[in-house]
Number of protein chains: 2
Amino acid sequence: MLSQTVEYALRAVVYLASVSPDAQTTNEIGKATQVPLAYLSKVLQGLRQEGILKSQRGVGGGISLVRTPEELTILDVVNAVEPLGRITTCPLGLAAHGAHLCPLHKRMDDAIQVMEQAFRSTTLTEVLADPNPSIPLSNIRAPLCGSGTTPPMKKK
Amino acid sequence: MLSQTVEYALRAVVYLASVSPDAQTTNEIGKATQVPLAYLSKVLQGLRQEGILKSQRGVGGGISLVRTPEELTILDVVNAVEPLGRITTCPLGLAAHGAHLCPLHKRMDDAIQVMEQAFRSTTLTEVLADPNPSIPLSNIRAPLCGSGTTPPMKKK
DNA sequence: CATAAATAAGACAATGTTGTCCTAATTAAG
DNA sequence: CTTAATTAGGACAACATTGTCTTATTTATG
């Protein structure tokens with residue numbers, strides 16, 4: 001349904017939001033989100049190219065959000081990785097119908113649209129502020145199922 | 001977003017619904033829906049194995065719906081081809097949280113759920129009954145953008 | 001029974017997604 | 001200026017999706 005890459009991108013962005021506006025290294029993000037490190041690197045590069053993240057090379061560098069969590073929605077992230085693919089013209093060859101999709105494709109697009117709207121209306125701030133503790137096996141309060149997203153205490 | 005196979009399956013099923021309860025050959029379905037014939041054959045086989053379609057081999061045979069269009073929803077077809085993949089347990093390793101997904105995955109699942117609901121609430125009858133003509137270049141009234149879904153007039 | 005019309009099924013190819021690994025390029029700090 | 005910590009990027013591999021082709025198998029009909 002939603003691709004693995006979208007899942008990974010959202011984990012990373014939520015984690016970055018939780019420590020925003022600080023930057024984190026790919027390693028730190030990988031550890032917190034349990035995403036395969038080498039692939040995470042690719043995903044983060046993609047998000048940077050799409051203007052969601054910015055990066056700083058070299059010692060003390062890392063990756064951080066471009067916008068504040070308040071200004072960033074789940075839809076922004078999803079669209080940066082893999083646009084939802086709204087149906088705007090008839091997928092059969094028929095000349096572009098614009099607003100006049102056939103009944104089937106109209107309904108398919110409607111379904112995509114409600115999902116799009118659900119994503120658009122959720123900012124990262126909202127995700128972080130969710131009161132749902134949701135972590136039976138740990139008492140860490142975290143947006144990513146308790147996988148180490150507690151803000152780093154102090155520099156090792 | 002929705003796979004190509006889902007798109008093809010829905011075209012085929014909508015077409016079959018439009019002539020229900022008659023059977024149609026794979027060839028006829030392919031012509032009406034503009035789906036690559038050899039691949040359509042695979043998709044139809046899948047739908048038959050999932051109990052959405054039934055088939056009759058040999059001369060005069062073909063493929064037809066198992067249920068009436070009234071009893072068949074878009075969700076039935078989508079789930080037969082490629083289940084929507086609701087998120088029921090934490091995708092990170094954390095022991096199954098059941099109803100207690102973390103805030104991020106709860107919202108992802110919510111989005112999938114609204115899409116699922118949109119599909120569940122649409123029967124094929126509804127699609128066929130849609131008053132939207134939607135065919136600028138043709139005055140054929142059809143649920144598939146005018147691609148030849150007018151009921152066969154008479155046997156060749 | 002022979003034939004032609006159909007679906008069923010398997011092998012194969014092309015492409016996309018996911019993932020790994022190695023080498024470059026950048027940069028802070030001693 | 002050298003070193004170590006980082007991101008950037010390219011080559012490659014494994015697997016899934018999409019698509020084609022060929023060969024069975026079934027079945028109505030003359």
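Letters A, B, ... are given to chains in the order of the sequence lines, protein chains preceding strands, and every chain is numbered from 1. Since the model is a prediction, treat every value here as computed from it, not as a measurement.
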Query raised in the report: Tell me, which pairs form a side chain to side chain donor-acceptor pair (under 3.5 Å) where one or both residues lie in residues 50-63 of chain B, sequence neighbours left out?
Result: none
Query raised in the report: Taking only residues two or more places apart in sequence or in another chain, which ones pass side-chain contact (heavy atoms from CB on, under 4.5 Å) with A:Thr68?
Result: A:Glu70, A:Glu71
Query raised in the report: Mind checking which nucleotides bracket the chain B contacts on DNA chain C, 5' to 3', with an atom under 4.0 Å from a heavy atom?
Result: C:dA4 to C:dA11
Report task. Under 4.0 Å from any heavy atom of chain A: name the first and the last nucleotide of DNA chain D that qualifies, 5' to 3'. Result -> D:dA4 to D:dA11
Report summary line: Applying side-chain hydrogen bond (donor to acceptor under 3.5 Å, both in side chains) to A:Asp110 and not counting sequence neighbours gives A:Lys106
Query - 5' priority, DNA chain C, between A:Leu37 and A:Gln56 [closest heavy atom] - result: A:Leu37
**Report entry** For A:Thr25, side-chain contact (heavy atoms from CB on, under 4.5 Å) partners two or more places apart
**Finding:** A:Asn27, A:Glu28
Query - A:Thr26: side-chain hydrogen bond (donor to acceptor under 3.5 Å, both in side chains) partners, not counting sequence neighbours - result: none
Requested in this report: Considering only NZ, NE, NH1 and NH2 on the basic side and carboxylate oxygens on the acidic side, decide whether B:Arg120 and B:Asp76 come within less than 4.0 Å.
Outcome: no
Query - Comparing A:Val59 and B:Gly58 on DNA chain D - which has the more 5′ nearest nucleotide - result: A:Val59
Report task. Output the residues of residues 38-46 of chain A in contact with DNA chain D, where contact means a heavy atom of the residue under 4.0 Å from an atom of the strand; sort by number or write none. Result -> A:Lys42, A:Gln45
Report task. With sequence neighbours excluded, tell me which residues meet side-chain hydrogen bond (donor to acceptor under 3.5 Å, both in side chains) with B:Asp22. Result -> none
Query raised in the report: Quick one: side-chain contact (heavy atoms from CB on, under 4.5 Å) partners of B:Ala17, sequence neighbours excluded?
Result: B:Leu65, B:Pro69, B:Leu124, B:Leu128
**Report entry** Results of side-chain contact (heavy atoms from CB on, under 4.5 Å) for B:Pro21 - residues two or more places apart only
**Finding:** none
Query raised in the report: Within the structure shown, what part of the strands sits under 4.0 Å from B:Glu82 by heavy-atom distance: base, sugar-phosphate, or nothing?
Result: nothing
Report summary line: Going by chain and number, the hydrophobic cluster around B:Val114 (ILVMFWY, side chain to side chain under 4.5 Å) further includes A:Val114
